[in-house]
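Structure, as structure tokens:
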Amino acid sequence: MNSPLKLLDVIALVENLPELGVYRGQVGTIVEVYDPGVFEVEFSDMQGRTYALETLTDKQVMLLHHQPIAEGALL
């Protein structure tokens with residue numbers, strides 16, 4: 001199954017990655033798609049300054065939704 005994640009999606013990290021300096025719950029934006037399920041994610045502060053730029057997989061992140069989701073839409 002292909003990952004539903006795409007360029008410019010806003011995600012949240014679902015695991016701690018202390019070796020990379022990012023932790024569960026931090027929010028980032030997909031800025032590059034390398035392979036199905038492999039992404040470059042930019043983490044920025046409230047002033048827009050990048051504090052981490054990491055290659056992550058779809059198992060390490062979750063898509064954030066800013067509006068209601070229709071029942072069954074994510075199946």
Side-chain angles (χ1 to χ4, degrees):
M1 181 171 145
N2 287 337
S3 172
L5 298 171
K6 62 189 181 314
L7 190 65
L8 300 180
D9 276 347
V10 177
I11 59 85
L13 195 58
V14 297
E15 63 183 70
N16 291 325
L17 299 171
E19 68 279 8
L20 301 177
V22 290
Y23 297 87
R24 184 174 188 260
Q26 288 186 283
V27 175
T29 302
I30 294 175
V31 295
E32 187 67 59
V33 178
Y34 293 124
D35 288 312
V38 181
F39 314 97
E40 189 78 8
V41 178
E42 179 180 41
F43 296 89
S44 301
D45 64 19
M46 296 300 289
Q47 287 73 41
R49 293 181 295 243
T50 300
Y51 62 86
L53 186 64
E54 303 298 340
T55 302
L56 302 171
T57 69
D58 56 0
K59 305 284 189 251
Q60 296 173 296
V61 302
M62 66 177 282
L63 179 62
L64 296 181
H65 302 277
H66 299 283
Q67 57 192 358
I69 300 170
E71 188 173 332
L74 297 179
L75 297 179

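Any value given below was found using the heavy atoms of this structure, including those in side chains, with hydrogens, waters and symmetry copies removed.
Not a single side-chain hydrogen bond (donor to acceptor under 3.5 Å, both in side chains) links E54 to another residue, sequence neighbours left out. Scanning for salt bridge (charged side-chain N to carboxylate O under 4.0 Å, His left out) contacts around D35 gives an empty result, with sequence neighbours left out. Qualifying side-chain hydrogen bond (donor to acceptor under 3.5 Å, both in side chains) partners for S44, counting only residues two or more places apart in sequence or in other chains: none.
For the pair N16 (side chain) and P18 (backbone), a donor-acceptor distance under 3.5 Å is absent.
Through chains of ILVMFWY side-chain contacts below 4.5 Å, V14 is grouped with M62.
Nearest heavy-atom pair, L63 versus I11, reported as atom, atom and distance to 0.1 Å: CA-CG2, 4.3 Å.
You'll find the side chain of L17 reaches within 4.5 Å of the side chain of L56, heavy atoms only.
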Under 3.5 Å, which donor-acceptor pairs do the side chains of residues 19-33 form with other protein atoms, sequence neighbours left out?
from, atom 1, to, atom 2, distance (Å)
Q26, OE1, Y23, N, 2.6
Q26, NE2, Y51, OH, 2.9

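In this structure, D58 CG and Q60 CD are separated by 9.0 Å, a value rounded to the nearest 0.5 Å. In this structure, OG1 in T55 is found 11.0 Å from CZ in F39, a value given to the nearest 0.5 Å. Here the CD-CG distance, from E40 to L7, works out to 11.5 Å after rounding to the nearest 0.5 Å.
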